Every structure is written in C-alpha cells, then in structure tokens.
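The model shown is predicted, which means the values in this text are computed figures rather than measured ones. Whatever order the structure lists them in is the order used to number ligands and atoms, beginning at 1. Counting from 1, the numbers follow the sequence of the chain as shown.
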Amino acid sequence: MKSDVVIVGAGPYGLSLAAHLQAQGVKTRIFGRPMDTWVSHMPAGMHLKSEGFASNLADPQDEWTLRTHCKQTAQPYQDTGLPVSLQCFQEYGLAFQRRCVPDLDRRDVTDIEQTAAGFAVTLADGERLITKKVVLAVGITHYAYIPDQLAGLPGDLVSHSSAHADLSRFKGRRVMVVGAGASALDTLKLLLDSSVDAELVARKETLRFHAPPGKGPRPWMDRIRAPMSGLGPGWRSRLCTDAPLVFHAMPERFRHEVVRRHLGPAPCWWTNSDPVLHARKHLGTSIRQVSARGGMVELELAGASGERTVSVDHVIAGTGYRVDLGRLNFLDPGLRARIQTEAGSPRLSANFQSSVPGIYFVGLSSAASFGPMTRFAFGARFTARRLSRHLARTAAKPSPVQDTIGLAPRRLAVPSELHTS
Ligand SMILES: Cc1cc2nc3c(=O)[nH]c(=O)nc-3n(C[C@H](O)[C@H](O)[C@H](O)COP(=O)(O)OP(=O)(O)OC[C@H]3O[C@@H](n4cnc5c(N)ncnc54)[C@H](O)[C@@H]3O)c2cc1C
C-alpha cells in the first residue's frame with residue numbers, strides 16, 4: 001500500500017495536520033488512538049491550564065473550535081476565565097476527529113525504517129506500507145521523565161504521573177508525589193479528593209502559579225504591559241506565539257534556554273488557594289535517599305523543618321517530560337542515528353523537517369526549534385498551516401525535497417543535508 005504522507009499520532013497536532021492535508025488533497029494516512037494522551041494519560045477530574053480560546057484543534061476553516069463544540073453540546077464556554085474540564089476537551093478532540101479526520105486508522109506504528117522505495121512503516125498487526133514522508137506527531141508520553149534516583153525502584157513502587165488516568169486505585173494506600181509543576185500539583189489534589197493519604201515533596205522553595213485571569217476586560221495599561229497570548233499574558237509569551245519563525249532563527253543555546261525557562265513547571269492558579277493541598281505539600285525538601293523495603297518505599301527527606309524518614313506504598317513522579325529521540329523505540333536504530341539532534345531534540349528546518357529528508361517532527365519534539373508554543377495545543381494551528389503548505393508543495397516528489405529555512409541567520413545552523421533556498 002502506498003501513501004504520500006503518513007502521520008504517526010492522533011493527538012491535537014496529528015489530527016489538525018491531517019485535517020489540513022485532506023483539505024489540500026494530499027494523499028495522507030494517519031495512525032494512532034485518537035486523543036490517547038488526554039484520554040489515558042491525564043488524571044480524570046483535571047482542568048486545563050490553557051484558556052478556552054487557546055484550547056483548540058485546527059481545521060482549515062477554523063470552524064471546529066472548542067467554542068463551537070461547547071455551543072453544540074450545550075456546555076458552558078468562555079474564551080477566558082472559565083477553566084476547561086479534561087472531560088470536555090477529550091469529548092471535543094474526539095468529536096473533531098470524527099468530523100474532520102474520519103479516516104483515522106487506530107493501529108499503532110511499531111517500526112519505521114528507510115528503504116530504497118521510501119519509508120517502510122509497520123503497524124501493530126504487522127501490515128507494512130511505504131511512504132515518501134513521515135510526520136511524527138507522537139506527542140509527550142514517550143518522553144515521560146523519572147529522575148535516576150527514583151527510576152531504580154521496582155516498577156510497582158514508582159510510576160510517572162502520565163501512567164494514571166484513574167487515581168482512585170490508590171485509595172487506602174499512602175502515596176508520595178514528587179515534583180513542582182502542574183502534573184504534580186494536579187495529581188496531589190486529585191489523590192486528596194479521592195481520600196488517598198498523599199503528600200508532595202519538591203526541591204523548589206516557592207511555586208510560581210499561573211496567574212488567574214481577571215474578571216471582565218483588562219485595563220488598557222495591563223494590556224500594554226502584558227498583552228494576552230495563547231500562552232497567557234506577557235510580552236515573552238506573545239513573542240513566542242506571534243514569531244515562531246524568528247525563534248527558529250535564533251542561536252541554538254538561546255532557543256534551548258528559552259524553552260527550558262519560559263513557562264516551565266507552573267501549577268494552575270486554582271490549586272494555589274486550596275488549604276488542604278497547602279498542608280500536604282513540602283517545598284524546599286530534597287530526597288536524600290530512596291530504598292525499597294518490604295514492599296514499601298522508604299524516603300529520607302531533608303528540608304527547612306529538618307530531616308525525616310517516611311514510608312509510602314507508592315511514589316508518583318510528576319517530574320515532567322524531556323525530549324529524547326532515543327526514547328522513540330519504533331524508529332529503526334539506523335534511521336534514528338541519522339537524525340541530527342540538539343540536546344536530545346531533533347534539529348529541524350523551518351518546515352519541521354529533520355536532517356533525514358522526509359522525516360518531520362511536530363508538537364513537543366519541535367519545541368526546541370519553534371519555541372514553547374509547540375508544547376501546547378495552541379501551536380497546532382501554526383504547525384498544521386505551515387507544514388501542510390510545505391507538504392502540499394512537495395508531497396508527490398521523491399525525497400530529498402527542496403526545503404526552506406525561512407530566515408537568513410538560521411542558515412548557519414541548518415544541517416548540511418537540507419537543501420536551502
Ligand atoms: C498534565 C498535563 C496537563 C496539560 N495541560 C495542557 C493544557 O491545559 N493546554 C495545552 O494546550 N496543553 C496541555 N498539556 C500539554 C499537552 O499534552 C499538549 O498540548 C498536547 O497533548 C500536544 O498534542 P500532540 O498531538 O503533540 O501530542 P499528544 O496529545 O501526546 O498526542 C500524541 C499521540 O500520538 C500517539 N502515538 C505515540 N506514539 C505512537 C505510535 N508509535 N503509533 C501511533 N500513535 C502513537 C499517542 O498515543 C497520542 O495519541 C498538558 C500536559 C500534561 C501532561
């Protein structure tokens with residue numbers, strides 16, 4: 001079976017790109033379980049951090065927005081100031097898929113290798129297809145990060161926060177959450193809501209919560225000082241959403257620093273005011289030693305209030321995600337080795353193309369190239385528009401394809417295999 005473009009992954013990025021490619025008549029196949037990260041890897045009861053207007057998948061006409069979905073299903077919606085529930089976003093994403101990408105194939109991709117005929121893509125049931133171009137829209141779960149100190153524990157004693165959609169299974173057990181970001185705080189809150197005996201430790205002494213949206217229109221002075229963007233208010237965020245190609249042209253070190261620091265782990269504003277949560281989190285606390293003993297985890301903790309040892313049934317690492325191509329085990333090792341990286345992330349052209357012509361990365365994998373926006377659903381529109389135009393121009397042509405790098409300063413950093421114009 002032949003196809004011009006294969007998209008691996010059916011989250012917000014894969015689905016948005018598929019909707020755009022179909023509209024442009026590009027022969028596309030898309031694989032994966034729809035919205036699986038949101039359905040199976042986020043805790044039930046969670047709310048999104050992004051505002052309603054910034055929580056859209058993208059179709060070419062901008063018709064199937066969260067606002068439209070909520071209107072059609074008679075659910076409350078506001079552009080800002082009304083947290084979007086996980087359940088609402090899941091339903092919206094699945095409705096978008098049925099409406100805009102009905103031909104989705106739910107099989108997982110288990111292997112991709114480069115052959116003389118093109119890229120050979122193997123599916124979970126062993127079927128193989130050949131394609132000229134592959135877009136890896138594989139999202140965040142492959143990159144779940146557990147610090148070395150905890151990673152050595154037996155699998156039944158430690159897990160990453162992304163492993164749990166249903167935290168009620170911990171009822172009657174004692175759980176320690178590690179981390180200072182939204183995943184960690186959300187997990188703690190939802191554990192406590194399920195009457196689980198849970199605590200949280202984090203090395204950070206203070207948490208920077210996402211600012212709550214104001215009520216009504218913002219004063220003009222505020223709007224000048226911190227203009228609104230899809231990543232929240234502030235000039236930095238605004239630059240990230242309005243100028244991803246300028247970001248792409250910046251030196252490598254600068255880009256990595258911005259992605260690391262800007263919008264780093266920050267819990268939601270509504271977890272800040274919860275007094276129960278407040279009492280169960282221990283900031284400025286480091287884990288000195290971890291050991292497994294009699295089916296329990298023993299943690300030696302050191303913090304401002306001294307040292308103590310606690311024994312828990314399970315540790316949940318709410319320690320985020322780190323892009324590392326080595327984790328994409330469905331990529332043939334030879335192919336993976338030819339993809340040039342910058343600190344674990346693929347080096348990408350201004351059209352999302354890696355150093356292997358015909359292999360593209362979007363979403364979190366592209367954040368080091370296009371900035372923090374592509375870590376969030378808000379970046380799906382920019383990505384789908386730009387990449388679909390490029391693929392529509394080049395899809396029928398054999399690789400290597402003519403690529404563009406967008407802005408002059410970045411020419412210096414472009415991998416030599418990529419053609420520039
Ligand atoms: C706790 C938490 C809260 C978050 N809150 C927000 C928020 O409020 N707003 C926001 O914009 N973002 C939020 N994010 C980030 C969010 O994950 C991304 O915005 C979004 O999921 C990116 O979409 P994606 O399509 O790139 O990736 P994903 O949603 O991760 O989708 C990738 C898809 O690829 C599939 N896949 C992977 N490998 C294969 C394979 N080999 N074969 C087939 N399919 C495969 C996966 O199953 C998945 O369905 C949050 C993340 C976390 C962890």
Non-hydrogen atom of Ser183 closer than 4.0 Å to ligand 1:
yes
List ligand 1 atoms under 4.0 Å from Gly32, heavy atoms only on the residue side.
43 (C), 44 (N)
Considering non-hydrogen atoms of the protein only, which is the closest contact for atom 51 (C) of ligand 1, and what is the distance?
Met42 CE, 3.6 Å
Enumerate the atoms of ligand 1 whose separation from the nearest heavy atom of Asp36 is less than 4.0 angstrom.
47 (O), 49 (O)
Only heavy atoms of Lys49, strictly under 4.0 Å: list the atoms of ligand 1 that pass.
7 (C), 8 (O)
Under the side-chain contact (heavy atoms from CB on, under 4.5 Å) rule, what do Val135 and Leu387 come out as? Steps first, then yes or no, please.
CA-CA 10 Å; Val135 179; Leu387 182 50; 4.0 Å; yes
Compute both the distance and the angle, then confirm whether Arg107 meets the cation-pi test with Phe31: under 6.0 Å from the six-membered ring centre, within 45 degrees of the axis.
no
Nearest non-hydrogen protein atom, atom 48 (C) of ligand 1:
Thr37 OG1, 3.6 Å
Among all protein heavy atoms, pick out the one at the shortest distance from atom 7 (C) of ligand 1; state its residue, atom name and that distance to 0.1 Å.
Ser50 OG, 3.5 Å
Within the structure, is a non-hydrogen atom of Asp186 found at a distance of less than 4.0 Å from ligand 1?
no
How close does the nearest protein non-hydrogen atom get to atom 17 (O) of ligand 1, and which residue and atom is it?
Ile140 CD1, 3.3 Å
Does the distance from a Lys or Arg side-chain N to an Asp or Glu carboxylate O, for Asp197 and Arg174, drop under 4.0 Å?
yes
When rounded to the nearest 0.5 angstrom, what is the spacing between CZ in Arg33 and CD in Gln97?
13.5 Å
Could an N or O of ligand 1 be found under 3.5 Å from any N or O of Ala377, whether backbone or side chain?
yes
Does a donor on one side chain and an acceptor on the other come within less than 3.5 Å for Gln24 and Ser388?
yes
Can you find a pair of side-chain heavy atoms, one from Leu86 and one from His47, that are under 4.5 Å apart?
no
In terms of relative ring orientation, are Phe378 and Phe53 parallel, tilted or perpendicular, with 30° and 60° separating the classes?
perpendicular
Which label fits Phe89 and Tyr92: parallel for a plane angle under 30°, tilted from 30 to 60°, or perpendicular past 60°?
tilted
Just going by heavy-atom distances, which of Ser162, Gly9, Ala137 is nearest to atom 32 (C) of ligand 1?
Ala137
Please could you name the atoms of ligand 1 that Tyr321 approaches to less than 4.0 Å, counting only its heavy atoms?
53 (C)
For atom 27 (O) of ligand 1, the protein heavy atom that lies nearest, with its residue and separation
Gly139 CA, 3.1 Å
When you check the gap from the basic side-chain N to the acidic O, do Arg381 and Asp62 get nearer than 4.0 Å?
yes
For Pro12, is the nearest heavy atom under 4.0 Å from an atom of ligand 1?
yes
Other residues, nucleotides and ligands only: do more than 12 of their heavy atoms fall within 6.0 Å of CD on Gln87?
no
Between Met46, Glu51, Met35, flag the one that comes closest to atom 3 (C) of ligand 1 by a heavy atom.
Met46
Close side-chain approach of Leu21 and Ile7, heavy atoms under 4.5 Å
yes
Starting from atom 25 (O) of ligand 1, find the nearest protein heavy-atom neighbour and note its residue, name and distance.
Tyr13 N, 2.9 Å
Identity and distance of the protein heavy atom lying nearest atom 40 (C) of ligand 1
Val8 CG1, 3.6 Å
Strictly by modelled atom types, are His314 and Ser159 linked by a side-chain donor-acceptor pair under 3.5 Å?
yes
Looking only at distances, please establish whether an N/O atom of ligand 1 is found under 3.5 Å from an N/O atom of Thr141.
no
Looking only at distance, does Ala54 have an N or O less than 3.5 Å from an N or O of ligand 1?
no
Looking only at distance, does Arg107 have an N or O less than 3.5 Å from an N or O of ligand 1?
no
In this structure, does ligand 1 have an atom that sits under 4.0 Å from one of the heavy atoms of His142?
yes
Heavy-atom closest pair (Asp332 atom, Glu113 atom, distance to 0.1 Å) is CB-CB, 3.6 Å
Would Ser168 and Asp166 count as having a side-chain donor-acceptor pair, cut-off 3.5 Å?
yes
Measure the distance from atom 41 (N) of ligand 1 to every protein heavy atom, then report the residue, atom name and distance (to 0.1 Å) of the closest one.
Val109 O, 2.9 Å
If you measure every N/O of Arg375 against every N/O of ligand 1, is any gap under 3.5 Å?
yes
Looking at ligand 1, does Trp38 have a heavy atom less than 4.0 Å from it?
yes
Numbered in order shown, the ligand 1 atoms found under 4.0 Å of a heavy atom of Ala10 are 33 (C), 34 (O)
Provide the number and element of each atom of ligand 1 under 4.0 Å from a heavy atom of Arg33.
49 (O)
Ring centre gap for Phe330 and His142 strictly below 6.0 Å
yes
